[in-house]
Amino acid sequence: MARDLESGGGGTKNNRTAEENYSAPESSHVYDSETHWTSWLVPMFVVANIAVFVITMYINNCPRNNLRFQGRCVARFLGRFSFQPMQENPLLGPSSSTLTKMGALRWDNVVNRHQGWRLFTCIWLHAGVIHLLANMLSLVFIGIRLEQQFGFIKIGIIYLVSGFGGSVLSSLFIRDHISVGASGALFGLLGAMLSELITNWTIYSNKAMALITLLVIIVINLGIGILPHVDNFAHIGGFLVGFLLGFILLPRPQFSWLEQRRLPAGVGMKSKYKAYQYVLWIVSLILLIAGLSTALVMLFRGEKGYDHCHWCRYLTCVPTSKWECSNDG
């Protein structure tokens with residue numbers, strides 16, 4: 001589920017991720033939650049992403065708009081739904097100009113043209129079929145199980161706010177490229193899974209193995225982000241927001257509190273949550289509000305993230321003898 005690589009100014013992003021093969025790690029509960037939700041929001045998100053991609057390809061209309069400077073349209077039998085030449089977009093998708101028209105994240109549009117809505121719309125766009133399939137598979141494997149456990153409201157909030165947070169951090173550091181994709185939101189779900197495991201630590205069995213498995217998955221996917229053309233800032237921003245939201249939205253009640261509800265009236269009730277869960281809730285809420293507020297102020301004041309963190313360029317691309325990294329800072 002990589003944030004869909006956004007490609008540079010006129011290019012397209014390359015999507016690479018290990019998450020399409022990911023299934024949420026099994027960690028047995030000491031007790032079973034009494035509520036088991038039916039997942040419908042995550043499937044609707046998948047349908048919405050696919051629908052937006054189809055509309056994007058319809059508007060793209062490669063046979064009519066392609067000037068053939070980089071070759072001929074791919075899969076021309078699809079008519080106006082055919083893909084841009086492989087030299088322009090190897091992910092089998094539209095042109096960068098079409099993505100920009102549809103709401104791709106672009107610093108100049110957000111800051112100078114006051115199009116802040118792009119911070120939301122970009123998470124529904126994808127650079128190509130490959131990018132779309134990878135992210136939707138990740139969303140199905142991760143999101144459905146979380147929605148079944150915690151309900152559509154909490155998971156919907158985590159998905160959307162994490163996607164927004166990823167877009168904000170991306171815009172602070174990346175100015176010369178467009179960015180599209182749901183990977184910031186997907187990393188938010190991963191971050192929420194990690195904080196949920198931490199805040200509900202005492203009710204899990206096999207928790208050490210679950211933690212190790214989850215950390216390995218997170219490290220692998222963040223590691224993929226240091227490849228060129230991958231927007232790792234969207235991944236990191238989405239992950240951090242989701243991690244904090246997990247402490248706020250996903251704490252589970254104590255087992256003793258659940259049992260007390262079956263006792264006769266008048267019996268003293270214990271606290272629903274443990275003290276450390278309340279502390280994590282308060283600290284996470286403060287950090288989330290302060291972090292997003294500060295980032296938004298910096299963004300709309302036109303500040304560059306690299307001016308405050310020179311080494312952060314290595315979080316999204318590490319130059320090697322095999323490839324070079326573009327300089328956005």
Do [X] and [Y] have side-chain heavy atoms sitting under 4.5 Å apart?
X	Y	answer
Val54	Met57	no
Trp124	Phe45	yes
Ser95	Thr98	yes
Trp117	Val110	no
Leu250	Ile158	yes
Leu315	Ile236	yes
Val46	Val140	yes
Ser195	Leu244	no

Can a cation-pi geometry be assigned to Arg80 and Tyr58, taking NZ or CZ under 6.0 Å from the six-membered ring centre and within 45° of the ring axis? yes
Quick one: does any side-chain atom of [X] pair with a main-chain N or O of [Y] as donor and acceptor, under 3.5 Å?
X	Y	result
Arg118	Thr100	yes
Asn61	Asn66	no
Asn65	Asn60	yes
Thr121	Gly103	yes
Glu88	Pro85	no
Ser82	Gly79	yes
Asn200	Ile203	no
Ser170	Gly166	no

To the closest 0.5 Å, what do you measure between [atom1] ([X]) and [atom2] ([Y])?
X	Y	atom1	atom2	answer
Leu160	Ile157	CG	CD1	8.5 Å
Trp281	Ile286	CH2	CD1	9.0 Å
Leu146	Gln149	CG	CD	6.0 Å
Leu222	Leu190	CG	CG	8.5 Å

Considering all heavy atoms of both residues, which atom of [X] and which atom of [Y] are nearest to each other, and what is their separation?
X	Y	answer
Val111	Phe300	CG1-O, 4.5 Å
Cys73	Pro63	SG-N, 3.6 Å
Leu197	Ala210	CD2-C, 4.0 Å
Leu189	Gly143	CD1-CA, 4.1 Å
Gly163	Ile123	O-CG2, 3.8 Å
Ala182	Asn135	N-ND2, 3.5 Å

Is the number of heavy atoms from other residues, nucleotides or ligands within 6.0 Å of CG (Leu285) greater than 12? yes
More than 12 non-hydrogen atoms from neighbouring residues, nucleotides or ligands closer than 6.0 Å to OH on Tyr314, yes or no? no
Distance flag, aromatic centroids of Trp37 and Phe150, threshold under 6.0 Å: no
Assign the ring pair Phe247 / Phe243 to parallel, tilted or perpendicular, where the plane angle (0 to 90°) is split at 30° and 60°.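 Taking Phe243 first and then Phe247, their aromatic rings stand perpendicular (interplane angle over 60°).
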Between Asp108 and Arg113, is the closest basic N to carboxylate O distance under 4.0 Å? yes
Evaluate side chain to side chain contact (heavy atoms under 4.5 Å, CB included) for Leu172 paired with Glu303, printing each intermediate quantity in order. CA-CA 7 Å; Leu172 275 175; Glu303 297 186 29; 5.5 Å; no
Tell me whether Val47 shares a hydrophobic cluster with Trp40, the cluster being built from Ile, Leu, Val, Met, Phe, Trp, Tyr side chains joined at under 4.5 Å.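 No; tracing contacts between hydrophobic side chains, which count when under 4.5 Å, never links both residues.
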Test salt bridge (Lys or Arg N to Asp or Glu O under 4.0 Å) on Glu147 and Lys154; report intermediate values, then the result. CA-CA 8 Å; Glu147 186 180 353; Lys154 294 179 179 180; over 6 Å; no
The test is side chain to side chain contact (heavy atoms under 4.5 Å, CB included); show your working for Phe239 and Leu194 and say whether it passes. CA-CA 10 Å; Phe239 176 82; Leu194 179 59; 3.9 Å; yes
Working for side chain to side chain contact (heavy atoms under 4.5 Å, CB included), residues Phe233 and Ser171: CA-CA 9 Å; Phe233 287 117; Ser171 297; over 6 Å; no
Can you check side chain to side chain contact (heavy atoms under 4.5 Å, CB included) on Leu91 and Val129, steps first, answer last? CA-CA 6 Å; Leu91 298 179; Val129 173; over 6 Å; no
Give the intermediate values and the outcome of side-chain hydrogen bond (donor to acceptor under 3.5 Å, both in side chains) for residues Arg145 and Gln148. CA-CA 5 Å; Arg145 178 166 297 180; Gln148 289 173 342; 5.6 Å; no
Short side-chain donor-acceptor distance under 3.5 Å, Gln84 and Asn89: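 Not at all, the side chains of Asn89 and Gln84 share no donor-acceptor pair under 3.5 Å.
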